[in-house]
Amino acid sequence: MVYVQSIDGAPLMPCTEAKARHLLKQHRARRVRNTPFTIRLRSVVDGHVQPVSLGVDPGYRHIGLSATTDSRVLFEAVAECRTDIPKLMEKRRSLRRGRRQRRTRYREPRFDNRLRSKHRGWLAPSVEQRIGYHIHLIGFVCRLLPISSITVEKAKFDIHRIQNPDVEGFAYQQGPQYGFDNVKEYVRWRDEYRCRKCRSKTYLEVHHIVQRKDGGPDRPDNLVTLCHYCHTALHRGEFTLRKPKGGYKAPTFMGVMRHELVRRLREKYGDMVSTTYGYLTKLERIKASLAKDHNTDARAISGNAEAKLDDAVWNITKHRCHNRRLHREVPAKHGRRQAAQAAHRVFGFGLHDRVVALGSGQTCRVSGLRTSGFFALRTLNDNTLLNLNCSRLRLLERAGGLIMVPSASSAS
């Protein structure tokens, strides 16, 4: 599948590879992107497009995206979120505090100047980065395809009900098993909808580590996800399980982030944005006989769970684009402060650029630049480390903040 843009850059419906090859050969289109492959027409054409729905499955570690029509999946991806923001913030704070103790020019504390933290609506940097990442991915898909509607899953379960089973309210009085079903859904989500023993995604059940007849509670730290076969083998005594680790950080994080994400999307895209809930997603996915995964959840959220997947699912990773550190932490001899930032381009190549190794034909990304000309490379498929001279490399595409690698097609 090849994505198409009009002469002014507006997204059109994708075409086949044979059609794109024909347009490029006749100079009626030009290539604008390699990953995913996108062409732009050189003449004005009829801008008729079909309705395309985008389903978004927000997540703490992974994000599911699926753009579908009534019968086809046009784009599907699983994006991995960054988890290094708190560590980077802590390191920056320690460096600034240490700078005030050294024999150097004094750096005044600026706590009183940071009025943004006192304003209502302030969010932690880790939350802000993740919201911005979601919006960036949605904008990327909207520039790729003529999206007519965006559906976001707003909630999966009630974290307040997990922490406080005695909470009052009409919504919590719908049955004696409401609380336990809520906790079971959380436990499945915490274990990534996989069996803790064999990592299977089918026939999942929730097991009490300390059985209820022995006084075991229904709290998440006493529950674990197992498939039916491993659950049966565990009760036969064939193996034992350790108590799973986990807390309420991820669900609390998502509870804060989802509402702000929907609000900002509605400010940007207006009435195109709508919301749904996790139990509706699960019903649609089961109805279409789809395996549990982030991209299949997004397909169910889009409203076209039975759409056929013809192309590969993309794996997206966000790399750090900027390093704000100016100098190295440890000075060189005689107190010389060495610069911490290398040149933006070395022999015409930049960090995270996509290149191909001449001779072997391997597609790699640049993970380290050296003035000697020997670069550190990472293969896209298995992330193997290579060291090659820049004379043996050919540039395919400049880095754009996202590392996109196609994976095997999901079963539909």
Search all heavy atoms of Leu74 against all heavy atoms of Met13 and return the closest pair with its distance.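 That would be CD1-CE, 3.8 Å.
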Salt-bridge criterion met for Arg93 and Glu90 (N-O under 4.0 Å):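 Answer for the salt bridge query: yes.
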For [X], give me all partners under side chain to side chain donor-acceptor pair (under 3.5 Å), at least two apart in sequence or on another chain.
X: Glu192; value: none
X: Ser360; value: none
X: His22; value: Gln26

Can you name the salt bridge (Lys or Arg N to Asp or Glu O under 4.0 Å) partners of Lys268, sequence neighbours left out?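 Counting only residues at least two positions away or on another chain, Lys268 forms no salt bridge (Lys or Arg N to Asp or Glu O under 4.0 Å).
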Return the set of residues passing salt bridge (Lys or Arg N to Asp or Glu O under 4.0 Å) with Glu260 (not counting sequence neighbours), or none when no residue passes.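 Counting only residues at least two positions away or on another chain, Glu260 forms a salt bridge (Lys or Arg N to Asp or Glu O under 4.0 Å) with Arg263, Arg264.
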Flag, side chain of Lys308 to backbone of Ser71, donor-acceptor distance under 3.5 Å: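 No; zero donor-acceptor contacts below 3.5 Å.
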Hey, are Ser200 and Thr202 close enough side-chain-wise for a donor-acceptor pair under 3.5 Å?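 Result is yes, a qualifying pair exists.
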Scan side-chain atoms only and decide if Asn389 and Ser391 contain a donor-acceptor pair under the 3.5 Å cut-off.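 Short answer, yes.
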Rounded to the nearest 0.5 Å, what separation is found between the CG atom of Leu234 and the CZ atom of Arg196?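 So the CG of Leu234 and the CZ of Arg196 are separated by 12.5 Å.
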Going by salt bridge (Lys or Arg N to Asp or Glu O under 4.0 Å), name the pairs with one or both residues in residues 351-373, residues two or more places apart or in two chains. Asp353-Arg398
Here the salt bridge (Lys or Arg N to Asp or Glu O under 4.0 Å) pairs for residues 62-75, sequence neighbours left out, are Arg72-Asp310
List the residues meeting ring-ring contact (aromatic ring centres under 6.0 Å, His included) with [X], not counting sequence neighbours, and say none if there are none.
X: His134; value: none
X: Tyr133; value: none
X: His259; value: none
X: Tyr60; value: Phe253

Listed once per pair and sorted, the ring pair (Phe, Tyr, Trp, His ring centres under 6.0 Å) pairs that draw on residues 345-395, sequence neighbours left out: His319-His352, Phe349-Phe375
